[in-house]
Structure formats: structure tokens, C-alpha cells
Amino acid sequence: MIIECYRAGAIGDVLMTTPAVRALKNKYKGSYIRYVTVTPNLILNNPYVDEISPVGLDADLKVYFEYPLKKGYPDKPLEKHLVYEFAECANVKVDSLRGDLRLYKHEISFAENAVKKFRRINIKLATIHITAGWSPYKEWEIDLWQKVVDYFKGRVLFIQLGSSGQPVLKNVLSFVGILSVRLSASMTYVSDFHVGVDSFPNHVAAAFNKPAVVLFGSTSPVGFGYNSAINIWKGYECSPCYREYNKKSLHPKPPCPYGKKCMRDISLDEVINSIETILRRI
């Protein structure tokens with residue numbers, strides 16, 4: 001039996017479909033799963049995917065992983081995690097929200113070598129990702145992130161991840177604009193925990209079962225959070241609003257009328273105390 005799974009992007013969404021792909025493989029024993037996508041980075045080496053293709057071919061079953069538009073999204077908030085919504089698309093039940101992200105040995109070796117000298121001293125390693133490719137309404141103030149880094153200087157080495165052109169914090173080990181998506185994921189794999197906004201590294205950290213502190217504004221932990229993380233969200237009546245960059249979004253919306261209050265009201269102390277909680281645990 002040939003099964004084709006469709007999800008064009010984004011990379012975080014593709015990773016969130018993998019619990020459903022795993023369930024499909026277990027439901028249809030001996031099936032051949034072809035994943036159709038133009039953003040395959042986080043499903044390479046997936047043991048439940050037999051082939052990755054940019055175009056669809058013949059198949060006995062075609063599964064389209066869609067956002068729940070028929071339920072009113074994005075005007076209505078998600079009532080459950082997007083992983084469960086994707087599972088509904090495939091008519092399967094998932095055993096976990098954790099995605100399947102399997103690194104190659106050379107990717108792990110790269111990350112281990114990058115942090116090897118820091119393992120010799122008594123310091124924790126944390127990846128940090130402070131921008132979101134799809135929405136400015138997910139982002140916290142840069143100067144507050146800098147204060148977080150400065151507060152933990154000497155106790156935590158923050159490894160900053162991000163794409164080219166993003167602001168780089170001081171006193172971090174920066175890989176901004178340097179690493180591929182998979183090598184960025186490998187840095188999370190070898191780190192002790194993750195800190196950042198709701199973006200694809202949030203889902204990567206969950207896939208590796210890493211502790212995390214994740215800030216939510218225009219989205220919510222109901223749809224995109226994990227129990228392995230401390231999810232900071234104000235839960236205002238206007239949130240989640242799913243506002244995105246209108247040039248990218250298929251569902252354009254007007255600017256936030258509240259001046260991004262949902263992110264602005266997250267205090268420095270909340271983030272610092274959440275990181276302190278993780279440090280006590282590990």
C-alpha cells in the first residue's frame with residue numbers, strides 16, 4: 001500500500017505532522033509512505049518515511065495535513081494541539097505530541113565538537129531563538145533578551161540560532177545566519193535546554209524532549225506548546241490572534257490594535273524565574 005502525505009511547509013508544521021505519519025505507518029503495516037513537501041529538512045532520515053518528493057505521484061491513500069479551516073481557523077482559536085488536528089486529517093490517533101526528528105551521526109558530531117570546550121567547565125548550555133519567521137507578534141523586545149543573557153552570564157552559555165539578518169545578542173555563541181536547519185537542530189540536541197519564542201526550534205526542543213522556556217503572543221500553547229516546556233502566555237481575550245506578516249500569510253489581518261500587549265506584558269522576571277526553575281531541575 002502506498003500512502004502519500006502532503007504538507008508543503010512550514011518546517012515546524014511539517015515536524016508536527018510526524019506523530020501522525022508514525023501512527024499511519026503503525027496502522028497500515030508494510031505500507032510505503034511518500035511525503036510530498038518542499039520543506040523536507042526536518043523529516044530527512046525519518047524511519048517512518050520511505051520517500052520524500054516535491055510532487056505527488058500515484059498512491060492508494062492520500063493524506064492532506066491541513067489547518068482546521070472548517071472549524072473556523074484562523075478566526076477561531078485552536079481548541080487542541082495542531083498535532084491532534086493533523087492526526088484527524090490522517091484518521092489516526094497519535095501516541096505522543098513529540099515529533100520524529102532523527103539526526104545523522106555527522107550532524108551530532110558537528111554540534112558536540114562545537115561545544116566540547118564548554119563542557120569542560122561548570123556551565124549549562126542553552127539554545128536561544130528570539131525571532132519568528134512568520135509573525136512579528138511572536139517576538140519579545142531585543143533588549144529584554146539581552147538582559148536575560150547578561151543575568152545568567154557565567155552560569156549559562158546561550159547558543160543563538162537564527163537566519164541571516166536577524167539581530168545578534170552580545171555575550172552569546174552565535175550561529176545566526178551560519179547553520180542549516182538541521183545543524184541548528186543538532187545544537188539543540190546537545191544543549192541542556194532551549195529558550196525562545198514560538199517558532200520551529202520550539203518543536204525541535206520538544207522532539208528531543210528538552211526542557212524549554214517558550215514565549216507565546218499571537219499563538220498559544222494550546223495549539224503549539226508542549227508539557228516539556230514552561231510556556232509563558234498571558235491568555236488575553238484577543239489572543240491567540242494568529243496575526244502574521246501579511247506578505248507571507250494566506251489569511252492577512254490588520255495590525256494589532258493593542259500594541260502587541262500580549263508580548264509586551266511578559267516581564268523580565270517571568271522569563272528569568274522560568275529559566276531558574278529549569279536550572280534547578282537539571
Side-chain angles (χ1 to χ4, degrees), residues 3-24 33-43 46 48-49 52-56 59 61-94 96-101 132-139 181 197-204 206-207 214-226 229 231 233 235-256 262:
I3 302 173
E4 278 191 345
C5 297
Y6 288 77
R7 182 71 203 177
I11 53 177
D13 289 354
V14 172
L15 182 56
M16 280 189 284
T17 68
T18 57
V21 172
R22 181 172 67 239
L24 277 168
I33 294 184
R34 178 185 301 122
Y35 202 113
V36 182
T37 183
V38 293
T39 54
N41 298 291
L42 297 185
I43 54 169
N46 187 309
Y48 305 103
V49 175
I52 300 173
S53 173
V55 295
L61 174 64
K62 296 196 176 191
V63 176
Y64 297 89
F65 293 117
E66 306 275 0
Y67 274 79
L69 302 180
K70 293 181 180 179
K71 298 179 182 180
Y73 177 90
D75 296 315
K76 287 186 177 181
L78 293 173
E79 296 181 354
K80 56 187 176 183
H81 202 283
L82 190 57
V83 167
Y84 292 129
E85 295 289 356
F86 287 153
E88 279 191 18
C89 297
N91 194 27
V92 294
K93 291 184 178 180
V94 296
S96 169
L97 293 179
R98 288 176 58 188
D100 287 300
L101 177 50
W134 283 91
S135 174
Y137 299 106
K138 292 181 177 183
E139 296 176 358
V181 168
V197 298
D198 177 28
S199 189
F200 87 88
N202 167 37
H203 310 296
V204 170
V214 183
L215 281 58
F216 287 86
S218 61
T219 57
S220 83
V222 174
F224 302 94
Y226 299 90
N231 300 303
W233 180 53
Y236 294 142
E237 288 186 2
C238 58
S239 177
C241 64
Y242 307 118
R243 281 182 168 83
E244 299 177 331
Y245 286 109
N246 281 347
K247 289 184 179 180
K248 293 184 178 181
S249 179
L250 296 175
H251 310 283
K253 291 186 175 185
C256 171
C262 56

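Computed from a predicted model, the values in this text were never measured in an experiment.
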Can you tell me how far apart OH (Tyr226) and CG (Asn231) are? Round to the nearest 0.5 Å. 10.0 Å

Nearest heavy-atom pair of Val83 and Ser96: which atoms, and what distance? CG1-O, 4.3 Å

Rounded to the nearest 0.5 Å, what's the gap from CD1 on Ile52 to OG1 on Thr39? Could you check? 10.0 Å

Could you tell me whether the side chain of Thr37 and the main chain of Ala8 form a donor-acceptor pair under 3.5 Å? yes

Which donor-acceptor pairs under 3.5 Å do the side chains of residues 13-22 make with protein atoms, sequence neighbours left out?
from	atom 1	to	atom 2	distance (Å)
Asp13	OD1	Tyr67	OH	3.1
Asp13	OD2	Arg7	NH2	3.2
Asp13	OD2	Tyr67	OH	3.0
Thr17	OG1	Val14	O	2.6
Thr17	OG1	Tyr35	OH	2.7
Thr18	OG1	Leu15	O	2.6
Thr18	OG1	Asp100	N	2.9
Arg22	NE	Asp95	OD1	3.3
Arg22	NH1	Arg98	O	3.4
Arg22	NH1	Asp100	OD1	3.3
Arg22	NH1	Asp100	OD2	2.6
Arg22	NH2	Asp95	OD1	2.7

Short question: side chain of Glu139, backbone of Val197 - any donor-acceptor pair under 3.5 Å? no

Between Gly99 and Ala207, which heavy-atom pair has the shortest distance, and what is it? O-CB, 3.5 Å

Parallel, tilted or perpendicular, as decided by the 30° and 60° cut-offs, for the rings of Tyr64 and Tyr6: parallel

If you round to the nearest 0.5 Å, how far is OG of Ser199 from CH2 of Trp134? 11.0 Å

Heavy atoms of other groups near Lys62 NZ, more than 12 under 6.0 Å: yes

Is it true that a side-chain atom of Lys138 and a backbone atom of Asp198 form a donor plus acceptor pair closer than 3.5 Å? yes

As an exercise, state the distance from NE2 of His203 to CG of Leu101, rounded to the nearest 0.5 Å. 12.0 Å

Looking at Phe65 and Cys5, what are the two nearest heavy atoms and their distance? CE1-CB, 3.6 Å

Got a sec, which residues hit ring-ring contact (aromatic ring centres under 6.0 Å, His included) with Tyr245, two or more places apart in sequence or on another chain? none

For the atom pair CG (Leu61) and CG (Leu24), what is the distance rounded to the nearest 0.5 Å? 7.0 Å

Is atom CG of Asn91 surrounded by more than 12 heavy atoms (other residues, nucleotides or ligands) closer than 6.0 Å? no

Under the ring-ring contact (aromatic ring centres under 6.0 Å, His included) rule, collect the residues that match up with Tyr242, sequence neighbours excluded. Tyr73

Decide yes or no for Trp233 and Pro240: does some side-chain heavy atom of the first lie under 4.5 Å from some side-chain heavy atom of the second? yes

Could you report the tightest heavy-atom contact between Glu244 and Ser249, atom names first, then the distance? OE1-OG, 3.0 Å

Polar side-chain atom of Lys253 near backbone of Cys241 as donor-acceptor pair, under 3.5 Å: yes

State whether the number of non-hydrogen atoms from other residues, nucleotides or ligands found under 6.0 Å of Lys76 atom NZ is greater than 12. no

Testing Glu66, Glu85, Glu79 one by one against Lys71 for a salt bridge (charged side-chain N to carboxylate O under 4.0 Å, His left out), which residue passes? Glu85

Quick check against the 3.5 Å criterion: does Asn202 have a side-chain atom that pairs as donor or acceptor with the backbone of Phe224? yes

Does the side chain of Leu78 come within less than 4.5 Å of Pro68's, by heavy atoms? yes

Taking all non-hydrogen atoms of both residues into account, name the closest pair between Ser218 and Cys262 and its distance. N-SG, 4.2 Å

List the atom of Cys256, the atom of Tyr137, and the distance in Å for their closest heavy-atom pair. N-OH, 3.1 Å

